[in-house]
Amino acid sequence: MARALDAERIAFYRSQGYLAPLPGIAPGEAAAMCESLAEFERREGVSAGSVHFKGHLCFTWSHALASRPDILDAVEDLIGPDILVFASKFWIKSGRDDAHVSWHQDSAYFGLEPHTLATVWIALTPSDRGNGCLRVLPGSHLGPAHRHNETYAADNLLARGQAIEGLDESTAVDIELAAGEFSIHHERTVHGSLPNRSGAPRIGLGLFYIPPSVRSTLGRRSAQLVRGVDRFDHWDADPVPRRDRDPEILAHIGAAQRRYRDRSVVQEAKTG
């Protein structure tokens, strides 16, 4: 029996590759999280958005957010009762900034099999057309793995500036969210976002969830069980942060980030 989503919404996700909006956290909680991110930038001299792959481990609050029952209930309805959080990233755009996210598929470099990953995108500030909200191409998850051009462009928020070119954007849907709401999209759904033309920051957290049956095709890696049981033992356990910005945790994140950026890892579309 579904916990959070009715049959119609589950069918929509299966056919369209995304769902939104879904209720998540209170706006006041989201605002406090944004202040923590601002404090991180003041202390570290870099945005938390520069932390690729396991950003949720940076803070005790983001680690707890990845296990929120109301979020996991929706994820469970889509991928089953046993859930690992595999990776995450803070998506931070300053006001009036050219930073953007090119059209891409999450599956391109994740090295996962089979493709059942669900990406939760939680808005910590309002996310709308004016400030560069998430955009998706409905139904694109049912198509092929696309080749990505690795641009390494400075204003592209993706680790390699990877971009799918020549797409028909006429069906693109803007995923507008209030602070605290979240969306979910399939690993293969083509998505991106435009620059923030407003005067205020646009901040979100992307969390990547898989069932334990999913295997890594890039060697043994780590994830964290956040619901149910792991009967497969495909993954080592991520460390649990005991305090914010723990140096040992940051070292673990750095190692995962370097592995993700490793140019020897070939995108999925070039391995088939």
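Counting begins at 1 with the first residue of the sequence. This is a predicted model, so every value here is computed, not measured.
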(request) List, by chain and then residue number, the residues other than Ile164 in its hydrophobic cluster (Ile/Leu/Val/Met/Phe/Trp/Tyr, side-chain heavy atoms under 4.5 Å); write none if there are no others. (result) Trp103, Leu137, Leu167, Val190
(message) Taking transitive links into account, so neighbours of neighbours count too, which hydrophobic residues share a cluster with Leu194 at under 4.5 Å side-chain distance?
(response) none
How many angstroms lie between atom [atom1] of [X] and atom [atom2] of [Y], to the nearest 0.5 angstrom?
| X | Y | atom1 | atom2 | answer |
| --- | --- | --- | --- | --- |
| Glu248 | Arg243 | CD | CZ | 8.5 Å |
| Cys34 | Arg202 | SG | CZ | 11.0 Å |
| Trp61 | Asp244 | CH2 | CG | 8.5 Å |
| Ile71 | Phe182 | CD1 | CZ | 5.5 Å |
| His252 | Asp246 | NE2 | CG | 11.5 Å |
| Ile253 | Ser88 | CD1 | OG | 7.5 Å |

(message) Donor-acceptor pair, distance only, cut-off 3.5 Å: does the side chain of Asp77 make one with the backbone of Arg3?
(response)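 Yes; judged by distance alone, with no hydrogens or angles, the pair exists.
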Minimal non-hydrogen separation, [X] against [Y], with atom names:
| X | Y | answer |
| --- | --- | --- |
| Asn156 | Gln162 | ND2-O, 4.3 Å |
| Val85 | Ala66 | CG2-CB, 4.4 Å |
| Ala178 | Ala123 | O-CB, 3.6 Å |
| Val136 | Pro138 | O-CD, 3.4 Å |
| Glu187 | Thr116 | OE1-N, 3.7 Å |

Is [X] linked to [Y] within one hydrophobic cluster, defined over Ile, Leu, Val, Met, Phe, Trp and Tyr using a side-chain heavy-atom separation of less than 4.5 Å?
| X | Y | result |
| --- | --- | --- |
| Leu250 | Leu57 | yes |
| Val173 | Tyr13 | yes |
| Val214 | Val265 | no |
| Val46 | Leu124 | yes |

(message) Under a plain distance cut-off of 3.5 Å, with no hydrogens placed, do Asp168 and Ser170 share a side-chain donor-acceptor pair?
(response) yes
(message) Both conditions, 6.0 Å and 45 degrees, for the charged tip of Lys89 above the ring of Trp91: are they met here?
(response) yes
Lys/Arg N to Asp/Glu carboxylate O, [X] vs [Y], below 4.0 Å:
| X | Y | result |
| --- | --- | --- |
| Arg42 | Glu35 | yes |
| Arg245 | Glu39 | no |
| Arg197 | Asp98 | yes |
| Arg220 | Asp233 | yes |

(request) Check Phe110, Phe86, Trp121 against Phe208 for a ring pair (Phe, Tyr, Trp, His ring centres under 6.0 Å) and give me the one that passes. (result)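 The passing option is Phe110.
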(request) Sort out for me which residue in Gln105, His186, His104, His141 forms a side chain to side chain donor-acceptor pair (under 3.5 Å) with His191. (result) His104
(message) Against Val75, only a single residue in Val226, Ile210, Ile83, Leu5 fulfils side chain to side chain contact (heavy atoms under 4.5 Å, CB included); can you say which?
(response)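 Testing each of Val226, Ile210, Ile83, Leu5 against Val75, the sole residue satisfying side chain to side chain contact (heavy atoms under 4.5 Å, CB included) is Ile83.
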